[in-house]
Amino acid sequence: MSLKTHTCGQLRPEHADQTVTLAGWVHRRRDHGGLIFIDLRDRWGITQVVFNPDISTEAHKVAHDLRVEYVVKVTGNVRRRPPGLENPDLATGEIEVLAEEAEILNPAKTPPFYINEDSPVEEALRLRYRYLDLRRQRMQRNLILRHRVIKFIRDFLSDEGFIEIETPILFKSTPEGARDYLVPSRLHPGKFYALPQSPQQLKQLLMVAGYERYFQIARCFRDEDQRGDRQPEFTQLDLEMSFVDREDVMDLIERLFTAIVEQVSDKKLLFKPFRRLSYYEAMDRFGTDRPDLRFGMELVDISDIAAGCGFRVFAETVAGGGVVKGLNASGCGGYSRKQIDELTDLVKKFEAKGLAWLALPAPGGAAQVGEEGAVRSSFAKFLSDEQVQAIIDRLDGKPGDLLLFVADRPEIANEALSRLRGTLGERLGLRDPNVLALCWVIDFPFVTWNEEEQRWDPSHHLFTAPMDEDIPLLDTDPARARGQQYDLVCNGYEIAGGSIRIHRRELQEKVFNLIGLEMEDAKQQFGHMLEAFEYGTPPHGGIAPGIDRFVMLLAGEPNIREVIAFPKTQSAADLMAGAPSPVSPEQLKELHLKLDL
RNA sequence: GGGCCCGUGGUGUAGAUGGAUAACAUAUCGGCCUGUCAAGCCGAAGAUCGCGGGUUCAAGUCCCGUCGGGCCCGCCA
């Protein structure tokens, strides 16, 4: 940096009496008429520059014209600040630079929003002027964190014998999974490349190729609707290993993620080692395969008590093969009818028919079930005192608690209660943003029944291996077969998914057969894979953690746009550049395309 | 494809039930000011209330449509 001798975050008392040159942006300007103070900012920090007309009238004149975000170069002497004038909020606060020369390298228009404070700004405006938004402390902090995480991953995996290999962005479309982004081919009229949804096939082929330990910080593309944790293009740590079982992959990832959290972030790990749940256990106890384990409030099955009780909704649900499950919203026993109605509206959004509730009065009220005022409830009056007490005991109900129940098909009861649990956890302040609860979910069902298509779909992807001992079940009872799949879950987000792959052609064909993929179609779509598998394929498996999501959690941000330099909006648009945009008729013609709008 | 929320000087907000000059903070511009660090004090300028239409004597406010942003359902192997 020949235009500056030091950064704006560098100078300390030991630099006193040195002549230095700094360059950066005007962060703030304080004009006293005589003295002018400038907070000069660059990527490394802020340094106060003092312009005193007694030292240099020329420099003082320049300072008079300075405005926020001007780019300037200043040369001057470093000195310790006079006693009592230090600024403890600034890393460089013990010194200041007395300007002797100053040069405006580039003036700046008044920015459309504050850059020198992290005050709220409408997100559309931030995205339109993203290059200015990125100057702000919040974004700078997030992008630096992201860099440190990725650097850490590269170093860690390199030390573990992995090599980073780039795979193509222009690849082949396959109808499985998400919608592909397509790229028309000029040289092959009527044909298209697809941007990869992930380098899945390529990393498996690298295992066939004998690289044994591969990783990549890989950009992935999916043309689906956006969410706060989903962008059309996002970044995965893509990773694959040969001659391993699932314990090897999980062990590696567990060590990596533990080290990242402990060495790169200020968050606390709740579980060490990570907790493990089977898919069925996760569904049973939390109603979801990506539970937020920062708090309890587990789902409890009371179907046995509800069966044949006097409350017809309960009894008939159980009789019809459904379940009655509930949770204990501890301390919410004082909720008003209106508050409970709000919770009811929430579960109804997820197709539950209603929410049964039972509130236990706060301490000091009547004690025994059966006595006047012992409970408020939407259904207790239909049950015996013993049944009510059994339910309270089952949910460990204490005075002041609110017990909430959904009676429905298991999928609906789980979904509704899981959402309810999340909302209550948030409302009760149980989701500590400084804590990361990492857990493995394993033993997923190998396939799930697709009602509309009347066929089995792979739970993960179609190269995932079933558990060895469950292979016979593929012929007899596919629903009970488990896959060698593992998901890493953190605070209610799925942050990685992976599996041990099928490496034998017979088994792969058996799976194609099971999910109703004709061999002809399979050859058409995956011929290169099937062919490759015939040339000596090692047992292999891998995983793909989402970098954006994990950095979001490490940064404590509410969505992944905050950890992506140039993200897209919910409608997948770039508000800064104006993408997507129309193209010229000449471009279309060259690509052999006609628009049909 | 669907539901909900938001859009008012550059920025962030206020403007119940429609009522006359659209308020506040901050930024901007000018003046004063030699120890501030969110500098201070004085003054000025700055808004066709996202856009289009409608209801009404009267619309920032109510209705319809539309554009943009966000959250969510569907979707995301």
Side-chain angles (χ1 to χ4, degrees), chain A residues 27-41 46-55 60 63 67-69 81-90 92-93 96 98 109-129 132 174-180 197-198 200-201 220-232 234 345-346 348-351 415 419 422-423 444 446-448 450 452-453 456-464 483 485 494 497 499 511 515 517 525-526 544 546 558-559 561 567-571 573 575 578:
Chain A
H27 193 65
R28 280 207 170 81
R29 173 172 173 274
R30 294 177 292 279
D31 186 347
H32 288 231
L35 289 179
I36 297 175
F37 298 91
I38 296 291
D39 289 341
L40 191 64
R41 181 193 77 233
I46 290 173
T47 299
Q48 173 165 282
V49 180
V50 188
F51 294 85
N52 186 328
D54 302 339
I55 289 175
H60 186 265
R67 293 295 181 272
V68 162
E69 298 308 312
R81 293 203 193 181
L85 297 176
E86 302 89 351
N87 184 348
D89 297 331
L90 228 50
T92 60
E96 60 196 4
L98 297 181
K109 289 165 69 172
T110 301
F113 49 81
Y114 300 104
I115 287 165
N116 53 21
E117 55 182 83
D118 277 323
S119 51
V121 181
E122 193 189 324
E123 194 171 355
L125 193 67
R126 292 175 58 200
L127 292 176
R128 164 122 196 269
Y129 296 96
L132 296 180
T174 52
E176 301 294 319
R179 269 184 219 103
D180 283 323
Q197 297 177 24
S198 81
Q200 181 61 36
Q201 296 181 31
C220 306
F221 306 86
R222 295 181 189 174
D223 187 5
E224 295 293 344
D225 287 350
Q226 313 310 313
R227 290 289 187 279
D229 62 348
R230 276 161 34 188
Q231 281 272 303
F234 60 101
D345 289 343
L346 176 75
K348 281 183 175 168
K349 266 173 65 180
F350 300 99
E351 294 179 40
E415 170 81 5
R419 300 288 186 155
T423 299
F444 280 79
F446 183 63
V447 288
T448 48
N450 184 327
E452 287 136 52
E453 308 284 338
W456 295 102
D457 280 344
S459 295
H460 188 45
H461 58 62
L462 71 191
F463 300 112
T464 297
Q485 180 193 343
E494 181 195 324
S499 65
V511 170
I515 65 176
L517 187 59
Q525 292 166 31
F526 305 109
N559 65 67
R561 294 185 300 278
K568 293 179 177 57
T569 64
Q570 190 152 61
S571 60
L575 295 183

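Letters A, B, ... mirror the listed sequences (proteins, then strands); counts begin at 1.
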Enquirer: If we take the C1' atom in both B:A14 and B:U61, what is their distance in whole Å?
Expert: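 It works out to 13 Å between them.
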Enquirer: How about A:R128: does its CZ atom have over 12 heavy atoms from other parts shown lying under 6.0 Å from it?
Expert: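 Counting neighbours around CZ of A:R128, 12 or fewer heavy atoms of other residues, nucleotides or ligands fall under 6.0 Å, so no.
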Enquirer: Can you tell me, in whole Å, how much space there is between the C1' of B:U34 and that of B:G70?
Expert: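 Nearest-Å result for B:U34 against B:G70 at atom C1': 49 Å.
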Enquirer: Between atom CG in A:D89 and atom P in B:A39, what is the gap in whole Å?
Expert: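 Value for this atom pair: 13 Å.
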Enquirer: Yes or no on ring pair (Phe, Tyr, Trp, His ring centres under 6.0 Å) for A:F463 and A:F526, after CA distance, side-chain angles and deciding distance?
Expert: CA-CA 11 Å; A:F463 300 112; A:F526 305 109; 5.5 Å; yes
Enquirer: In whole angstrom, give the distance that lies between atom CD of A:E122 and atom C1' of B:C6.
Expert: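 It is 8 Å, rounded to the nearest whole Å.
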Enquirer: Can you tell me, in whole Å, how much space there is between the C1' of B:G12 and that of B:A47?
Expert: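 One C1' to the other, the span is 15 Å.
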Enquirer: Whether the side chain of A:D225 and the base of B:G74 hold a donor-acceptor pair under 3.5 Å is what I'd like checked.
Expert: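 Yes, the side chain and the base share a sub-3.5 Å donor-acceptor pair.
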Enquirer: State, yes or no, whether a side-chain contact exists between A:K568 and A:Q226 at a heavy-atom distance under 4.5 Å.
Expert: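 Sidechains of A:Q226 and A:K568: no contact.
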Enquirer: When both hydrogen-bonding distances must be under 3.5 Å and the geometry is Watson-Crick or G-U wobble, what is B:A20 paired with, if anything?
Expert: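 Result: none.
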Enquirer: Distance check, C1' atoms only: B:G46 and B:A22, in whole angstrom units.
Expert: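 Rounded to whole Å, the distance is 14 Å.
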Enquirer: In whole Å, what separates the C1' atom of B:G3 from that of B:A45?
Expert: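 Approximately 44 Å lies between the C1' atom of B:G3 and that of B:A45.
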Enquirer: Does B:A39 have A:H32 stacked on its base, where the ring centres are within less than 5.5 Å and the planes differ by under 30°?
Expert: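 Aromatic stack with B:A39 present for A:H32.
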Enquirer: Taking only the side-chain heavy atoms of A:R561 (C-beta and beyond), determine which of B:G69, B:C71, B:C75 contains the nearest atom.
Expert: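 Minimum distance to the A:R561 side chain belongs to B:C71.
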Enquirer: Rounded to whole Å, please give me the gap between CG in A:D54 and P in B:G35.
Expert: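 Result: 12 Å.
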Enquirer: Crowded around A:E224 CD? As in, over 12 foreign heavy atoms under 6.0 Å?
Expert: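 More than 12 within 6.0 Å, yes.
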Enquirer: Could you check how far CG of A:L575 sits from P of B:C67, rounded to whole Å?
Expert: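 Rounded to the whole Å, the gap is 15 Å.
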Enquirer: Taking atom P of B:C72 as reference, at what distance in whole Å does atom CD of A:E351 sit?
Expert: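 After rounding, the gap between these two atoms is 18 Å.
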Enquirer: Are the side chains of A:R41 and A:I115 in contact, using a 4.5 Å heavy-atom criterion?
Expert: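 A side-chain contact exists here, since the closest heavy-atom pair is under 4.5 Å.
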Enquirer: Is a donor-acceptor pair below 3.5 Å formed from side chain A:R128 to base B:G10, judging by atom type as modelled?
Expert: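 In this structure, the two groups form no donor-acceptor pair.
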Enquirer: Taking atom C1' in both B:G10 and B:G53, compute the distance separating them and give it to the nearest angstrom.
Expert: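 To the nearest whole Å, 30 Å.
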Enquirer: Should B:C71 form a Watson-Crick or G-U wobble pair with both distances under 3.5 Å, which nucleotide is its partner?
Expert: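 The answer is B:G3, by the H-bond criterion.
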Enquirer: Answer whether the closest heavy-atom distance between the side chains of A:V49 and A:F51 falls below 4.5 Å.
Expert: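 Yes, side chains in contact.
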Enquirer: B:A59 and B:U28: how far apart are their P atoms, nearest whole angstrom?
Expert: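 To the nearest whole Å, 37 Å.
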Enquirer: Does B:G65 pair with anything, Watson-Crick or G-U wobble, both distances under 3.5 Å, and if so, with which nucleotide?
Expert: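 In the structure as shown, B:G65 has B:C51 as its Watson-Crick or wobble partner.
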Enquirer: Considering only the C1' atoms, how many Å lie between B:U21 and B:C4, rounded to the nearest integer?
Expert: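 Taking atom C1' in both B:U21 and B:C4, they lie 37 Å apart.
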Enquirer: Should B:G43 form a Watson-Crick or G-U wobble pair with both distances under 3.5 Å, which nucleotide is its partner?
Expert: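 B:G43 is paired with B:C29.
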Enquirer: Is the base of B:U11 stacked against the aromatic ring of A:F113, taking ring centres under 5.5 Å apart and planes under 30° as the test?
Expert: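 Stacking is absent between B:U11 and A:F113, given that the ring centres and planes do not meet under 5.5 Å and under 30°.
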Enquirer: Could you say whether A:P120 or A:A178 is positioned toward the 5' end of RNA chain B, judged by the nucleotide with the nearest heavy atom to each?
Expert: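 Closest to the 5' end, via its nearest nucleotide, is A:P120.
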Enquirer: Is there a donor on the side chain of A:R230 or the base of B:C76 sitting less than 3.5 Å from an acceptor on the other?
Expert: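 Looking at the base of B:C76, it does pair with a donor or acceptor on the side chain of A:R230 (distance under 3.5 Å).
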Enquirer: Is it true that A:N87 and A:Q48 share a donor-acceptor pair across their side chains at a distance under 3.5 Å?
Expert: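 Note: A:Q48 and A:N87 side chains miss the donor-acceptor criterion.
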Enquirer: Taking CZ from A:R28 and C1' from B:A27, how many angstroms apart are they, rounded to a whole number?
Expert: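 About 12 Å, once rounded to whole Å.
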Enquirer: Pick the nucleotide of RNA chain B nearest each of A:R81 and A:E123; which residue has the one closer to the 5' end?
Expert: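 Closest to the 5' end, via its nearest nucleotide, is A:R81.
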Enquirer: In whole angstrom, what separates A:D223's CG from B:G1's C1'?
Expert: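 A:D223 atom CG is separated from B:G1 atom C1' by 15 Å.
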Enquirer: Expressed as a whole number of angstroms, how long is the span from A:I115:CD1 to B:G10:C1'?
Expert: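 Interatomic distance, CD1 of A:I115 to C1' of B:G10: 12 Å.
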Enquirer: What nucleotide among B:G70, B:U28, B:C76 has an atom nearest to a side-chain atom of A:E224?
Expert: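 From the listed options, B:C76 comes nearest.
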